[in-house]
Amino acid sequence: MTSQVSEDSGQPPVRPGLRGPAGVPGRIRDAAAESWAAVRAAPRRTVRAEGLLCALTAAFGLIPLLLVTPDRPVLAALEALWATLLVAARRTRPVAAVLGVAPLVVGVSIWTLAAVPLIVLSATRRIAPTRRAWQTVGTACAVVVLLTVVLAIPRWRNLPLDLAGNGISAVLLVLLPALAGTLLGQRRFLVDLLRERNDYLEQARSLSASTARLEERNRIASEMHDLLGHRLSLISVHAGALELAAARQAPPLSGQAELLRTTAGTAMAELREILGVLRHDADTADESGSERGTREDITALVSESRRTGGAVELGWSVPDSAAVGDRTRQTVHRVVREGLTNVLKHASGAPTRVEVRSAGAGIEVSVTNGVPRADHRSQGGTRSGLAGLQERISLLGGGFEAGALADGGFRVAAWLPLQANGSAPAPTPAGLTPGSSPGSGAGSGPGPGVSPSPLSDEVLTWPRVLGAGCAAVLVVLPTVGFLVFLLLTAALR
């Protein structure tokens, strides 16, 4: 029935075990297709490195044959080409590569033996589990023994010597490199596992720290709301009553009473904003209050300082069309407010100038005061306000400096990017002598030192080099010595 169907279809019957019209075994064809697909999918750098390694293997096996002709040159050339093929297949077909080194161990060319440890070490690293790798290595050693016996049939008297020589070669060129390869393969697996575990622990630590930070911020917000909110409300109520009384009894003081009431109201509004920042994410909270840092806002700050008796001037040269982010505007407000507050506390009555101008791809803001009067010299401060400003500006990717001037004054200056991203390097505001907060006599300087970040796992240090492959290196040292001895012997003949 089968023959009839074949004859009717006009096609020759397909014999079992063969595929395709030319009778090429299907497994070989599939393996060749998979290998070619792996080559095409590999990075170009890997393909170039593998091509160079194959070329060096072929040259190392063929060039010595031109200088010293062996007894069987054709077989020696075939062994060199076979070694080249095994070098190319050790990455995609590691089991076949380990089994294929058996003919090289019992071959006639000593020069191809140099490729055997490389093939075995590289292939056994990629065979998992380790038991399968040792089964493959044991099979290859058994093939070496079998080939030795088959080749020694015409000369049985040399069989013990051949078995001893090929046995030593199998131990030094196959077993020891296989041990080194399995050690390196196990280490790679453990390193990947440790890296994955480290990433998991880092994420868990980050989540735990974020949760603890949010809980602490909520607790601080509750305390501030209960304590400061109540006190500021009382100040605002009493300031309103004082304003009404001053309007009837002491009209010249009504302006100061009004300033006290409006300042208390502003403090309440800012406290609510701070509580919102504490109770929510910093990035989303910064989106509120976008009216801060505008020209009208800075003008209002300067006007309030003038009402307290200070001689404050404002210089604004930022075009209205500049695309300034909300966080940058808020920081401009903070810098000006902190600078004016420091002038009021430490150099009251000193002439002061607030400058806000465009500077390249950012904004430069500065508050500069002259020499304070002798009766208003400060005894120093805690620098907490300047430290907070420096931290806030550094998070935006800006630069900050505060220091005493040569004439005895003081200047607070900052450079802020138009759109805060926290990545661009910040230029240093010019014209500053590093100093201290007003009257403190100590430099502001950078904040507390930050511990260096851990080295990347790709960076090689001596402890890592010694701890990474010490065992593998010690294992292959006899192999290297044996190869050097064989190659020197062949070269001296």
Side-chain angles (χ1 to χ4, degrees), residues 266 270 286-344 346-347 349-372 385-386 388-435 437-438 444:
T266 303
E270 292 178 349
D286 281 344
E287 294 177 0
S288 62
S290 58
E291 71 279 357
R292 294 263 178 105
T294 60
R295 185 169 187 172
E296 293 76 12
D297 176 60
I298 301 301
T299 303
L301 287 177
V302 172
S303 300
E304 290 181 4
S305 296
R306 288 173 181 168
R307 292 172 64 181
T308 60
V312 186
E313 297 181 0
L314 174 62
W316 183 281
S317 59
V318 179
D320 297 336
S321 59
V324 183
D326 292 341
R327 297 178 65 186
T328 299
R329 289 190 183 277
Q330 291 179 6
T331 307
V332 170
H333 173 91
R334 296 291 180 90
V335 172
V336 174
R337 188 176 65 179
E338 180 66 23
L340 294 177
T341 302
N342 285 340
V343 171
L344 181 62
H346 305 288
T352 306
R353 179 171 179 80
V354 178
E355 187 76 25
V356 182
R357 63 185 182 88
S358 298
I363 295 177
E364 184 172 333
V365 54
S366 62
V367 179
T368 308
N369 63 272
V371 181
L386 296 178
L389 269 184
Q390 183 176 15
E391 181 179 357
R392 183 183 183 92
I393 293 171
S394 63
L395 292 176
L396 300 182
F400 174 76
E401 282 193 12
L405 300 177
D407 59 358
F410 197 86
R411 186 185 184 198
V412 176
W415 181 91
L416 304 170
L418 292 177
Q419 298 294 332
N421 52 17
S423 60
T428 302
L432 288 182
T433 301
S437 59
S444 61

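Between Gln330 and Arg392 there is a side-chain heavy-atom pair separated by less than 4.5 Å. Residues Arg357 and Ile363 have side chains not in contact (no heavy-atom distance under 4.5 Å, counting atoms from C-beta outward). For the pair Val412 and Glu338, the minimum side-chain heavy-atom distance is 4.5 Å or more. For the pair Thr368 and Thr352, the minimum side-chain heavy-atom distance is 4.5 Å or more. Using a 4.5 Å heavy-atom threshold, the side chains of Ser317 and Ser358 count as separate. In this structure, Leu314 and Leu301 have side chains that are not in contact, with every pair of non-hydrogen atoms separated by 4.5 Å or more.
Between the side chain of Thr328 and the backbone N or O of Val324, no donor-acceptor pair lies under 3.5 Å. In this structure, Trp316 contributes its side chain and Val318 its backbone to a donor-acceptor pair below 3.5 Å. Trp415 places a side-chain N or O within 3.5 Å of a backbone atom of Ala359 that can act as its donor or acceptor partner. Within the 3.5 Å criterion, the main-chain N or O of Glu364 finds no donor-acceptor partner in the side chain of Ser366.
Interatomic distance, CG of Leu389 versus OG1 of Thr331, reported as 8.5 Å (0.5 Å rounding). Considering CG of Leu418 and CZ of Arg329, their distance stands at 9.5 Å, rounded to 0.5 Å. In this structure, CD in Gln390 is found 10.5 Å from CG in Leu395, a value given to the nearest 0.5 Å.
With sequence neighbours left out, the side-chain hydrogen bond (donor to acceptor under 3.5 Å, both in side chains) criterion links Arg306 to no other residue. In this structure Glu355 satisfies the salt bridge (charged side-chain N to carboxylate O under 4.0 Å, His left out) test together with Arg353, sequence neighbours excluded. For Ser305, the side-chain contact (heavy atoms from CB on, under 4.5 Å) test picks out Val312, Leu340, with sequence neighbours left out. Applying the salt bridge (charged side-chain N to carboxylate O under 4.0 Å, His left out) test to Arg295 and every residue at least two apart in sequence or in another chain returns nothing. Every residue two or more places apart in sequence or in another chain that forms a side-chain contact (heavy atoms from CB on, under 4.5 Å) with Ser303 is listed here: Thr299. Residues passing the side-chain contact (heavy atoms from CB on, under 4.5 Å) test with Leu344, sequence neighbours excluded: Thr308, Ser348.
Scanning all heavy atoms of the two residues, the minimum distance from Ala402 to Leu386 falls at CB-CD1, 4.1 Å. A pairwise comparison of heavy atoms in Val335 and Ala414 identifies CG2-CB, 4.3 Å as the closest pair.
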